[in-house]
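Numbers for residues simply follow the sequence, beginning at 1.
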Amino acid sequence: MQVDEQFEVDAPRAAVFRLWTSFEHYPEFLTGVDSVYAETSERMRWRVSLGGLPSSFYAVVTEHVPDERLAFASVDQSTLGWWVDLAEVTPHRTRVTVRVIVSPRGDVPRRAGDKELDELTIRCDLLRLRALSEGTLSQAA
């Protein structure tokens with residue numbers, strides 16, 4: 001499944017980038033994400049409750065261009081991938097372009113309480129990110 005989305009946020013680009021690189025905040029807006037722990041600046045451990053995904057997996061940052069681009073993918077390169085591009089619209093408004101690729105695996109058993117991940121859920125997650133960005137970042141800016 002691939003989801004492409006573009007939206008604007010009423011916050012400066014550098015502040016939006018800081019939120020994207022604060023992986024510990026991901027459970028606040030991503031459905032089924034229990035925790036994301038940055039072990040290093042390039043390696044993250046994810047714990048999720050999502051149907052078809054392992055309950056724990058690692059992801060690595062594949063691109064990191066400060067205030068412009070962040071990309072990361074699961075180590076197996078098939079479970080999860082995110083690409084985020086930021087463009088300044090005005091000094092206090094940022095265009096966010098996101099591509100998400102999720103590949104539920106048939107060999108992962110479904111666990112009780114797992115959430116299903118679909119395109120609508122991802123788009124709603126991105127709306128929560130936008131609200132979080134505008135709510136917390138506009139106050140800090």
Side-chain angles (χ1 to χ4, degrees), residues 1-108 110-141:
M1 169 180 49
Q2 177 175 315
V3 177
D4 293 300
E5 188 67 52
Q6 185 175 81
F7 55 93
E8 292 187 7
V9 174
D10 286 324
R13 182 171 62 169
V16 175
F17 190 79
R18 278 192 306 274
L19 181 62
W20 273 105
T21 55
S22 298
F23 303 113
E24 69 276 6
H25 287 288
Y26 284 21
E28 295 176 34
F29 63 90
L30 291 179
T31 300
V33 174
D34 302 322
S35 67
V36 179
Y37 174 72
E39 293 185 336
T40 69
S41 62
E42 297 176 350
R43 183 178 168 99
M44 302 165 279
R45 183 180 62 216
W46 289 63
R47 296 206 186 277
V48 299
S49 302
L50 293 166
L53 297 183
S55 60
S56 180
F57 60 88
Y58 288 93
V60 293
V61 174
T62 57
E63 292 183 69
H64 183 269
V65 180
D67 301 340
E68 292 182 22
R69 184 169 176 85
L70 177 67
F72 53 89
S74 58
V75 173
D76 66 8
Q77 297 186 357
S78 65
T79 300
L80 176 76
W82 282 77
W83 294 263
V84 181
D85 288 301
L86 304 176
E88 183 176 276
V89 177
T90 69
H92 298 287
R93 189 162 181 85
T94 303
R95 180 177 309 108
V96 181
T97 305
V98 179
R99 170 169 284 169
V100 182
I101 296 176
V102 179
S103 299
R105 294 175 26 195
D107 63 337
V108 175
R110 302 282 177 170
R111 299 166 302 265
D114 276 359
K115 295 169 181 63
E116 293 300 319
L117 195 57
D118 58 18
E119 183 176 343
L120 179 60
T121 301
I122 292 171
R123 291 186 191 283
C124 288
D125 289 348
L126 292 172
L127 286 173
R128 277 193 295 282
L129 167 74
R130 180 179 177 186
L132 180 66
S133 298
E134 292 178 343
T136 60
L137 298 178
S138 61
Q139 295 168 4

Plane angle bin for Trp82 and Phe72 - parallel if under 30°, tilted between 30 and 60°, otherwise perpendicular: parallel

Exam field: side chain Arg13 to backbone Asp67, donor-acceptor pair closer than 3.5 Å: yes

Side-chain donor-acceptor contact under 3.5 Å, Arg47 with Ser35: no

Short side-chain to backbone donor-acceptor contact, Ser74 and Leu80, under 3.5 Å: yes

Worked verdict on Leu19 versus His25 for side-chain contact (heavy atoms from CB on, under 4.5 Å): CA-CA 8 Å; Leu19 181 62; His25 287 288; 4.2 Å; yes

Separation between CZ of Phe7 and CZ of Arg95, rounded to the nearest 0.5 Å: 12.0 Å

No-hydrogen, no-angle side-chain donor-acceptor test under 3.5 Å, Arg128 and Thr31: yes

Flag, side chain of Thr40 to backbone of Arg43, donor-acceptor distance under 3.5 Å: yes

Inter-residue atom distance Phe17.CZ - Ser22.OG, 0.5 Å rounding: 10.0 Å

Side-chain donor or acceptor of Arg123 paired with backbone N/O of Asp4 under 3.5 Å: yes

Inter-residue atom distance Arg18.CZ - Ser133.OG, 0.5 Å rounding: 11.5 Å

Gap between atom CD of Gln6 and atom CG of Leu126 - 0.5 Å precision: 12.0 Å

Check: Tyr26 side chain, Trp20 main-chain N or O, donor-acceptor pair, under 3.5 Å: yes

Glu42 side-chain N/O to Val60 backbone N/O, donor-acceptor pair under 3.5 Å: no

Val98/Trp83 under side-chain contact (heavy atoms from CB on, under 4.5 Å): CA gap, chis, key distance, verdict: CA-CA 6 Å; Val98 179; Trp83 294 263; over 6 Å; no

Value rounded to 0.5 Å, distance of OG1 in Thr94 from CG in Leu86: 6.5 Å

Crowding at CZ, Arg99 (>12 non-hydrogen neighbours, <6.0 Å): no

